[in-house]
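We count residues from 1, following the sequence as given.
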Amino acid sequence: MKAKRLPLRVTCIPGESATSFASRLARRNGVGRLVTFCSDVGIDYGQLMNGAPAEIERLATLGGADHRILQFWSPRLMGDGWFELGRARLKFTCFQRTSARVCPVCISEVRQQRESASGVHLGLWQLESIRTCHLHGCLLEPLAPLGHGRDAFDIVRLLEGYLPPQPTYVDENERHLETWLAGRIGTGRGSGWFDDLPIHVATQTAENLGALVILGADVKRSEISARDWLRAGNAGYAVMRNGLDAILATLREIQSLTPIDARLHRHRFGLFYNWLRDRDEDPAFDIIRDSVREYIWSNFPVTEGSIILGVPTPEQRVHTPATAATVSGVSRWKIEKHLIQRGIAWPRDNGQGVHLHAYPSAETISQITAQVDSMVSATRAGEILGVTLATLRLLRAQGLISHAPACPKGASYFNEVEVTGFLKKLKNLAKPGAKTPGDAAPFREAALQCQTSLAEVVACVLDNHLPLFASAPTEVRFGDLSVSIRAIRQTTTIPADEALSLGEASLRLKTDTRTVRALLEHGHIDHILPFSDAKHRRWRVVCAKSVDDFRTNHVSLIELAGSRNRDAANLSKELYRYGVRPLRLGDKCQRFFRWCDVI
């Protein structure tokens with residue numbers, strides 16, 4: 001039997017839910033309780049609460065309203081814990097259906113009208129993530145629940161005796177997530193990664209990520225106010241609208257805010273991590289959960305087999321010095337020295353261990369292990385080259401060969417591959433069967449005749465690929481090689497007032513010749529080509545003016561630390577924390593900074 005319109009009706013408010021309209025209609029017709037009204041007019045109250053089309057259509061006929069509008073703004077149960085609202089499909093976790101919230105301004109305005117009903121409730125207000133009234137820009141206020149749960153949707157009864165408080169207004173810029181959500185429901189899905197997420201995944205992730213960003217890892221979710229949840233959702237939306245990479249970049253930024261070895265992932269991402277872990281039964285969160293898990297595996301020293309967001313860690317990807325020592329068999333102090341040398345760590349103030357810039361990867365640990373395995377003592381390095389320890393020190397000071405990055409205190413160790421490689425470079429310049437010129441002399445004698453150092457002569461030979469001579473080139477060692485004095489002089493004789501030797505440039509810049517070579521290679525200072533008419537001058541290859549110009553605009557870490565009476569390692573740590581980076585010169589070079597970055 002078709003329902004007839006009731007004699008007394010109310011005006012349906014835009015966006016109002018069917019239960020709110022029914023509650024006001026019941027009170028207008030003298031019925032004090034929505035459950036009783038539904039029973040009287042033959043409407044199934046439970047079905048009406050769940051947005052059943054037949055019940056909403058019957059209600060609309062009784063009240064003279066458009067059933068399509070009531071249906072659109074009423075949550076409709078679709079089965080298996082899913083609802084429809086407007087043009088969107090939402091999981092039940094998006095809703096707050098055991099208690100009601102209202103806009104104090106809306107209630108005050110409705111009460112000023114002639115209708116006896118005292119308030120209204122919009123369908124959007126049942127959503128957990130809608131915390132403000134879009135008309136008035138103020139926070140929704142919770143209503144005290146009644147003793148009987150069946151009255152949770154009887155808005156008029158809930159508002160009996162209710163006095164609206166002073167509204168708490170919020171800025172429009174704090175409501176971007178709400179604006180997106182209301183648009184998703186009212187007009188449908190937009191384009192982009194964030195719009196493709198299920199609504200409960202998008203809103204809950206945005207709110208919990210934003211809470212981590214603005215409130216920190218240690219805050220309890222139960223203690224977060226509605227205003228702070230609003231701010232959190234806004235902050236999370238600002239990140240997530242830029243895609244999944246933006247989420248990971250935010251986690252990386254949070255990780256960098258405290259010393260890398262101070263707190264692990266559970267402490268750094270506490271609130272967000274714990275919330276995401278508790279979503280393990282909902283596969284819709286896999287897109288977020290899988291990416292965060294992968295980030296943790298790649299950026300924290302999680303041991304193999306540890307459970308991260310429901311999945312065992314397949315392998316340990318990054319290490320602390322302690323775990324690196326365990327897996328590599330290399331002592332911890334050697335690991336730490338290598339990490340310092342590579343710029344991955346800096347010494348602690350108390351001399352005990354290191355602080356890390358980043359956890360070293362398994363690949364880095366393998367490289368360090370290989371380096372340590374190839375270390376030879378200074379005595380053995382001298383035997384390979386056929387030189388004395390004094391000559392070895394000269395070659396090291398010139399940057400032609402270098403100390404191994406990790407070696408015992410008071411001792412000198414070298415990388416065997418580098419030592420043999422240095423000798424091989426010299427051997428390759430010795431041509432079998434080549435006639436030895438009359439002015440050929442061993443390196444040391446050539447240095448004396450050219451008024452320069454032995455190391456500079458060797459560097460000149462290598463830089464200019466000058467031919468070397470020896471009676472048996474395949475078996476030759478360092479002391480058996482000779483070089484043409486004329487070739488050295490023709491290559492290196494340039495005016496003294498325009499250029500500097502590598503050694504002089506290193507003294508002027510207060511660094512070593514290896515670093516000077518790197519500065520030349522990267523174009524920070526300039527070479528000068530030799531002048532053929534300048535005879536018998538000391539070897540010089542670096543433009544003096546370019547060195548002075550470089551000094552004007554740059555400073556070495558050692559010089560900067562000395563001028564400030566600071567420890568170089570601690571100063572480097574402080575500069576890194578403030579985002580100041582040195583010039584990129586190579587792992588074994590000393591650090592230089594731009595003056596404008598450190599003043």
Count the heavy atoms of every other residue, nucleotide or ligand shown that sit under 6.0 Å from [atom1] of [X], and state whether that count exceeds 12.
X      : atom1 : answer
Asp80  : CG    : no
Glu315 : CD    : yes
Glu253 : CD    : no
His134 : NE2   : no

Could you tell me whether the side chain of [Y] reaches within less than 4.5 Å of the side chain of [X], counting heavy atoms only?
X      : Y      : value
Cys106 : Cys133 : yes
Arg24  : Glu16  : yes
Leu90  : Leu127 : yes
Phe593 : Leu557 : yes
Leu70  : Phe21  : yes
Arg97  : Pro75  : yes
Cys138 : Thr168 : no
Val120 : Ser20  : yes

[atom1] of [X] to [atom2] of [Y]: how many Å apart, nearest 0.5 Å?
X      : Y      : atom1 : atom2 : answer
Arg252 : Leu257 : CZ    : CG    : 13.0 Å
Ser291 : Leu309 : OG    : CG    : 11.0 Å
Ile365 : Ser328 : CD1   : OG    : 6.5 Å
Thr313 : Ile308 : OG1   : CD1   : 4.5 Å
Asn242 : Tyr237 : CG    : OH    : 9.5 Å
Asn50  : Asp44  : CG    : CG    : 9.5 Å

Between [Y] and [X], does any NZ, NE, NH1 or NH2 come within less than 4.0 Å of an OD or OE carboxylate oxygen?
X      : Y      : result
Arg89  : Glu84  : no
Glu521 : Arg517 : no
Arg131 : Glu207 : yes
Asp282 : Arg279 : no
Lys588 : Glu418 : yes
Arg68  : Asp66  : yes
Glu178 : Arg184 : no
Arg317 : Glu294 : yes

Decide if the gap between the ring center of [X] and the ring center of [Y] is smaller than 6.0 angstrom.
X      : Y      : value
His265 : Phe269 : no
His200 : Phe285 : yes
Phe194 : Trp180 : yes
Phe592 : Phe550 : yes

State whether a side-chain donor-acceptor pair under 3.5 Å links [X] with [Y].
X      : Y      : result
Thr323 : Thr320 : yes
Ser556 : Arg591 : no
Ser366 : Thr369 : no
Arg221 : Asn208 : yes

Looking at [X] and [Y], what are the two nearest heavy atoms and their distance?
X      : Y      : value
Gln316 : Val302 : CG-O, 3.3 Å
Gly119 : Leu159 : CA-CD1, 3.3 Å
Glu336 : Pro321 : CG-CB, 3.8 Å
Leu585 : Ala518 : O-CB, 3.6 Å
His136 : Glu109 : NE2-OE2, 3.2 Å
Ala88  : Ile199 : CB-CD1, 3.5 Å

request  = Begin with the C-alpha distance, continue with both residues' side-chain angles, and end with the deciding distance and a verdict on side chain to side chain contact (heavy atoms under 4.5 Å, CB included) for Gln590 and Ile558.
outcome  = CA-CA 8 Å; Gln590 295 185 8; Ile558 294 175; 3.7 Å; yes
Candidate pair Arg594 and Val598, rule side chain to side chain contact (heavy atoms under 4.5 Å, CB included), full reasoning = CA-CA 7 Å; Arg594 296 187 305 171; Val598 298; over 6 Å; no
For the pair [X] (side chain) and [Y] (backbone), establish whether a donor and an acceptor sit closer than 3.5 Å, ignoring hydrogens and angles.
X      : Y      : value
Arg277 : Gly310 : no
Gln71  : Gly51  : yes
Arg241 : Leu177 : no
Asp154 : Leu34  : yes
Arg87  : Gly186 : yes

inquiry  = Between Trp73 and Ser17, does the side chain to side chain donor-acceptor pair (under 3.5 Å) criterion hold? Intermediate values first, please.
reply    = CA-CA 5 Å; Trp73 292 111; Ser17 68; over 6 Å; no
task = Begin from the C-alpha positions of Trp125 and Cys103 and carry the test side chain to side chain contact (heavy atoms under 4.5 Å, CB included) through to its verdict.
result = CA-CA 9 Å; Trp125 293 352; Cys103 169; 3.7 Å; yes
ask   = Is there a side chain to side chain contact (heavy atoms under 4.5 Å, CB included) between Leu509 and Thr515 once you walk through the steps?
value = CA-CA 10 Å; Leu509 294 176; Thr515 304; over 6 Å; no
task = Decide yes or no on side chain to side chain donor-acceptor pair (under 3.5 Å) for Thr364 and Ser361, but give the supporting numbers first.
result = CA-CA 5 Å; Thr364 298; Ser361 66; 3.1 Å; yes
request  = Decide yes or no on side chain to side chain donor-acceptor pair (under 3.5 Å) for Gln255 and Tyr295, but give the supporting numbers first.
outcome  = CA-CA 11 Å; Gln255 183 180 355; Tyr295 175 85; 2.6 Å; yes
message = Test side chain to side chain donor-acceptor pair (under 3.5 Å) on Thr303 and Ser306; report intermediate values, then the result.
response = CA-CA 6 Å; Thr303 57; Ser306 298; 2.7 Å; yes
query = Please walk me through it: do Phe83 and Phe95 pass ring pair (Phe, Tyr, Trp, His ring centres under 6.0 Å)?
reply = CA-CA 9 Å; Phe83 285 80; Phe95 292 91; 5.0 Å; yes
